[in-house]
2 protein chains.
Amino acid sequence: MVVVVLSKAGVYGLRAATYLAMQPSDEYVPISNIADDLRISFHFLTKVLQSLTQVNMLKSFRGPKGGVTFARPVAEISVYDVVVAIDTDSMFRECILALPGCSDQSPCPLHADWQQIRKRVRTLFKETSLADMAAQVKTKKLRLSDIGPSMLKS
Amino acid sequence: MVVVVLSKAGVYGLRAATYLAMQPSDEYVPISNIADDLRISFHFLTKVLQSLTQVNMLKSFRGPKGGVTFARPVAEISVYDVVVAIDTDSMFRECILALPGCSDQSPCPLHADWQQIRKRVRTLFKETSLADMAAQVKTKKLRLSDIGPSMLKS
DNA sequence: TTAATTTGAGACCAATTACTCTTAAATAGC
DNA sequence: GCTATTTAAGAGTAATTGGTCTCAAATTAA
Ligand code: FES
Ligand code: FES
């Protein structure tokens, strides 16, 4: 596929990051907890979250009482950071017609309009922090898994 | 992949449809011509364009002097029509976090914003006709293949 | 020190998407 | 009728993505 806003890995990563942002910031949370609560495959999620630890967004700790936690305040981490770490930023750079060298200098017939739209997506992702995401889920009881609003462990 | 604006098939279909919209509307154009000019695999493009003939957007004709041509005026066919015929409209319906049942009634934390953005994409696609696309390429000499502006057969 | 718990790394398998190839059917022109 | 040209249909293959599994390494606690 060519013009992809989010891959499955990106989706799982974002959901997990939001979930983790809802937890006390000083505790390591086992990936198995996240996977269980969000109904995501534990092994797959482990691999996805590794791309976040590799860019030092998460820190991890092995062994009993281990898990993952954010390396910096969730108010300072944006959806964009998460998505790009997992899926790269190609969606924000590449031509919607998949022509090489998307730019204002060599535009395709949709370039001007697509440019605007993807800028909006970028702005949305950049201006939404994981703290915002977590707050939405908590205060407005929005859903983060397929099991309805806040059947999460509360 | 989960949130996909355009698949490769969708991209090829759109490029080919735009190319075809640049040709005289009363002639059948062989798919091999389109494939050659746009540097797309002939067999793959054939299959992609079949989804357009199957929804009666294109009509086709076999044999010598055969090919494909639009079944109605290109001013009346939108980018949206082409994209949906090839890729379905799932991008305009499904949750960006891939949660089941995207709607204002059971929103995820990104729903309100994502709703707006995909509505814009939808509007762009719906309001851009293939005649518009063709005119852009012709009058502004924008590119439609990877070989620079209008090295198409002119 | 041993056993249990947890992430890390990567091999492996499955599913989906992208692409190719072969054969058939329709049509034109000789 | 015969041959060449073209789309139709679909089987088959390759590449990418999604997902599983195994084993190693780190850490805790008994
Ligand atoms: S979106 Fe096509 S060239 Fe930029
Ligand atoms: S975009 Fe997530 S519920 Fe609509």
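Residue numbers begin at 1 in each chain, while the letters A, B, ... track the order of the sequences.
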Asks: Would you say B/Gln54 reaches D/dA8's phosphate, i.e. side-chain N/O to OP1/OP2 under 4.0 Å?
Replies: no
Asks: Does B/Lys47 put a side-chain nitrogen or oxygen below 4.0 Å from OP1 or OP2 of D/dA9?
Replies: no
Asks: Would you kindly give the NZ-to-C1' distance between A/Lys59 and D/dA26, to the nearest whole Å?
Replies: 17 Å
Asks: Donor-acceptor pair, B/Asp87 side chain versus B/Ser7 backbone, under 3.5 Å?
Replies: yes
Asks: To the nearest angstrom, how far is A/Met1 atom CE from D/dA15 atom C1'?
Replies: 14 Å
Asks: If you look at every strand shown and take non-hydrogen atoms under 4.0 Å, does B/Leu49 touch a base, only sugar-phosphate, or nothing?
Replies: nothing
Asks: May I have the distance from A/Phe44 (atom CZ) to D/dG18 (atom C1'), rounded to whole angstrom?
Replies: 5 Å
Asks: Are A/Ser41 and D/dT20 close enough that a side-chain N or O sits under 4.0 Å from OP1 or OP2?
Replies: yes
Asks: In terms of hydrophobic clusters joined by side-chain contacts under 4.5 Å, are A/Val3 and B/Leu124 together?
Replies: yes
Asks: Could you tell me how far apart A/Gln50 (CD) and D/dT20 (P) are, to the nearest whole angstrom?
Replies: 15 Å
Asks: Can you tell me which nucleotide in D/dT7, C/dT7, D/dT27 comes closest to the side chain of B/Ile31?
Replies: D/dT7
Asks: Using 0.5 Å steps for rounding, measure from the CZ atom of A/Arg122 to the CD atom of A/Gln115.
Replies: 10.0 Å
Asks: Between A/Phe42 and A/Lys65, which has a closest nucleotide on DNA chain D that is more 5'?
Replies: A/Phe42
Asks: Taking CZ from B/Arg62 and P from D/dT7, how many angstroms apart are they, rounded to a whole number?
Replies: 10 Å
Asks: D/dA8, OP1 or OP2 - any side-chain N/O from B/Ser60 closer than 4.0 Å?
Replies: yes
Asks: For A/Leu45 and D/dT20, what is the distance between atoms CG and C1' respectively, to the nearest whole Å?
Replies: 14 Å
Asks: Given that B/Lys8 and B/Gly63 both sit by DNA chain C, which one's nearest nucleotide is further toward the 5' end?
Replies: B/Lys8
Asks: Closest nucleotide of DNA chain D for A/Ala9 versus for A/Phe61: which of these residues is on the 5' side?
Replies: A/Ala9
Asks: Given atom CG of B/Asn56 and atom C1' of D/dT7, what is their separation to the nearest angstrom?
Replies: 16 Å
Asks: Can you check whether B/Gly101's main-chain N or O pairs, donor with acceptor, with B/Ser106's side chain at less than 3.5 Å?
Replies: yes
Asks: Whole Å only: how far is the OH atom of A/Tyr28 from the C1' atom of D/dT28?
Replies: 14 Å
Asks: Under 4.0 Å between a side-chain N/O of B/Tyr12 and OP1 or OP2 of C/dA18, yes or no?
Replies: no
Asks: Is there a side chain to side chain contact (heavy atoms under 4.5 Å, CB included) between B/Glu27 and B/Thr69 once you walk through the steps?
Replies: CA-CA 7 Å; B/Glu27 299 182 356; B/Thr69 193; 5.9 Å; no
